[in-house]
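Nothing here was measured: the structure is a model prediction, and the numbers come from that model. All values below come from the heavy atoms of this structure, side chains included, with hydrogens, waters and symmetry mates left out.
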Amino acid sequence: MLKKIRFGLCCLFYNEPIRYRTTTATIAKRLKTSGIDHFEYLAFIALDNLLSLEQSINYCADNGIGSFRINSQFLPLSTHPEFSYTIDDLPYAEIIHSGFEDCRKLAINRNIRLTLHPDQFVVLNSPNPLVVKNSVTELEYQSVLAAMVGADVINIHAGGAYGDKTSALTRFKENFKKLSRATQKLLTVENDDKLFSPEDLLPLCKDLSIPLVYDVHHHRCHPDHLSIEEASMLAYQTWNDREPLFHISSPINGWNGDHQCSHHDYIDVNDFPAIWKEMMPLTVEVEAKAKELAIKKLLKI
């Protein structure tokens with residue numbers, strides 16, 4: 001039955017020799033001060049990552065994996081205050097653009113859904129205006145990346161509570177307005193394991209007409225008045241124009257052990273909600289440390 005669900009692989013591989021390159025501002029600064037064209041260096045990273053994305057899409061399609069989450073640092077330093085750039089700033093820009101288009105078409109042809117999940121420093125409800133400004137800049141970059149590869153989700157957490165959940169969510173709604181319409185249409189929000197439960201976020205999703213990415217592990221760590229079945233159904237109903245997307249993981253030491261919020265290498269099949277098997281269509285991103293091996297194990301059930 002689980003084979004009918006579209007499972008999603010998150011960013012990296014465990015065994016497969018498919019790797020993504022990144023870099024740091026320190027390295028870029030060193031190159032720049034040495035008179036070396038750091039833009040050429042970034043261009044080669046982009047080209048290498050495009051090749052890896054092509055390999056990732058083909059691997060997923062060949063192994064029954066229906067979705068792939070792209071690393072948010074696919075184009076490293078794109079939004080860095082000193083080294084920010086667009087593809088058109090780079091040498092070989094035409095080749096890079098062509099590579100993105102090839103990956104977009106490949107994902108469509110091989111029926112692989114692509115998604116994005118920006119890093120934790122994206123905090124749209126922060127009371128700090130600079131953090132909000134940087135978060136908006138990052139989300140707009142993610143939106144450009146999504147358009148180039150055909151990704152249909154940019155998923156984020158609601159952010160911090162800052163001592164007042166109601167005010168924090170109101171601030172999220174206000175700052176949501178600062179995003180371009182294209183970015184707003186791609187944005188989703190996910191319940192977390194400490195602050196914002198599905199019950200907290202469902203009114204926000206209704207007000208902004210954005211979907212809820214339901215994370216069942218997070219819900220078990222940070223429960224509310226909703227059952228898993230109720231939260232699943234209500235979250236599913238927020239996806240009006242796209243295939244619903246949920247997350248699953250299992251605790252590293254089981255539900256009777258320590259560190260229940262930390263992820264195991266694999267998924268305990270008992271953690272898979274029975275109701276999800278009745279929900280079609282559905283993408284389930286597998287947040288397990290063993291990556292593709294964890295999904296392969298699920299596909300055998």
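Across all non-hydrogen atoms, the minimal contact from I65 to I112 is O-CD1, 3.2 Å.
You'll find the ring centres of Y92 and F44 inside the 6.0 Å limit. Annotation: F13 is in aromatic contact with Y59 [ring centroid separation under 6.0 Å].
For residues 100-111, the pairs satisfying side-chain hydrogen bond (donor to acceptor under 3.5 Å, both in side chains) are N58-R110, D62-R110, E101-R104, with sequence neighbours left out. Residue pairs meeting the ring-ring contact (aromatic ring centres under 6.0 Å, His included) criterion with at least one member in residues 263-301, sequence neighbours excluded, are H217-H263, F246-W276, F272-W276. Pairs passing the ring-ring contact (aromatic ring centres under 6.0 Å, His included) check and including a residue from residues 165-197, sequence neighbours excluded, do not occur.
The backbone N or O of C11 lies less than 3.5 Å from no partner atom in the side chain of N71, so there is not a single donor-acceptor pair. Side-chain atoms of N125 come within 3.5 Å of backbone N or O of G160 as a donor-acceptor pair. Between the side chain of N191 and the main chain of D215, a donor-acceptor pair closer than 3.5 Å is present. With hydrogens and angles ignored, the 3.5 Å screen pairs a side-chain donor or acceptor of S52 with a backbone N or O of D48. A donor-acceptor contact shorter than 3.5 Å links the side chain of R220 to the backbone of D271.
Remark: E82 CD is packed, more than 12 non-hydrogen atoms of other residues, nucleotides or ligands lying under 6.0 Å away. Heavy-atom contacts from other residues, nucleotides or ligands closer than 6.0 Å to NZ of K165 number more than 12.
By the side-chain contact (heavy atoms from CB on, under 4.5 Å) test, D241 pairs with no residue at all, sequence neighbours left out. Residues that satisfy the side-chain contact (heavy atoms from CB on, under 4.5 Å) test with D207, not counting sequence neighbours, are K173. Contacts of F39 classified as ring-ring contact (aromatic ring centres under 6.0 Å, His included), with partners at least two apart in sequence or in another chain: none. Evaluation of the ring-ring contact (aromatic ring centres under 6.0 Å, His included) rule for H80 yields F83 as partners, not counting sequence neighbours. The side-chain contact (heavy atoms from CB on, under 4.5 Å) test applied to D164 returns T166, S167, not counting sequence neighbours. With sequence neighbours left out, F121 forms a ring-ring contact (aromatic ring centres under 6.0 Å, His included) with no residue at all.
A salt bridge between E138 and K133 is absent, with no side-chain N of the basic residue lying under 4.0 Å from a carboxylate O of the acidic one.
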Side-chain donor-acceptor pairs of residues 23-32 under 3.5 Å, sequence neighbours excluded:
| residue | atom | partner | partner atom | Å |
| --- | --- | --- | --- | --- |
| T23 | OG1 | Y41 | OH | 2.9 |
| T24 | OG1 | I27 | N | 3.3 |

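Residues S67 and R6 bring no donor and acceptor atom of their side chains to less than 3.5 Å of each other. With no hydrogens or angles considered, a side-chain donor-acceptor pair links H97 and D88 at under 3.5 Å. No side-chain N or O of Y214 forms a donor-acceptor pair with one of T238 less than 3.5 Å apart. Using modelled atom types and a 3.5 Å distance limit, the side chains of E140 and T183 yield a donor-acceptor pair. For D224 and S197, the side-chain atoms include at least one donor-acceptor pair closer than 3.5 Å. For the 3.5 Å distance criterion, the side chains of N134 and T137 fail to qualify, holding no donor opposite an acceptor.
Applying the side-chain contact (heavy atoms from CB on, under 4.5 Å) test between H247 and each of V284, V213, T283 identifies V213 as the sole match.
A distance of 9.0 Å separates OG in S232 from CG in L282, rounded to the nearest 0.5 Å. S72 OG to H117 NE2: the interatomic distance, rounded to the nearest 0.5 Å, is 9.0 Å.
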Give the C-alpha distance, both sets of side-chain angles, the deciding distance and a yes or no for side chain to side chain donor-acceptor pair (under 3.5 Å) between D193 and H219. CA-CA 6 Å; D193 57 2; H219 194 200; over 6 Å; no

Chi angles and distances behind the ring pair (Phe, Tyr, Trp, His ring centres under 6.0 Å) call for Y85, Y141: CA-CA 10 Å; Y85 61 93; Y141 147 69; 8.4 Å; no

Could you walk me through whether E285 and R113 pass the salt bridge (charged side-chain N to carboxylate O under 4.0 Å, His left out) check? CA-CA 11 Å; E285 289 187 333; R113 184 184 194 181; over 6 Å; no

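Chaining together hydrophobic side chains whose heavy atoms lie under 4.5 Å apart places V123 alongside V131, Y162. I252 belongs to no multi-residue hydrophobic cluster, having no ILVMFWY side-chain contact under 4.5 Å with any other such residue.
I108 and L116 are members of different hydrophobic clusters when ILVMFWY side chains are connected at heavy-atom separations under 4.5 Å.
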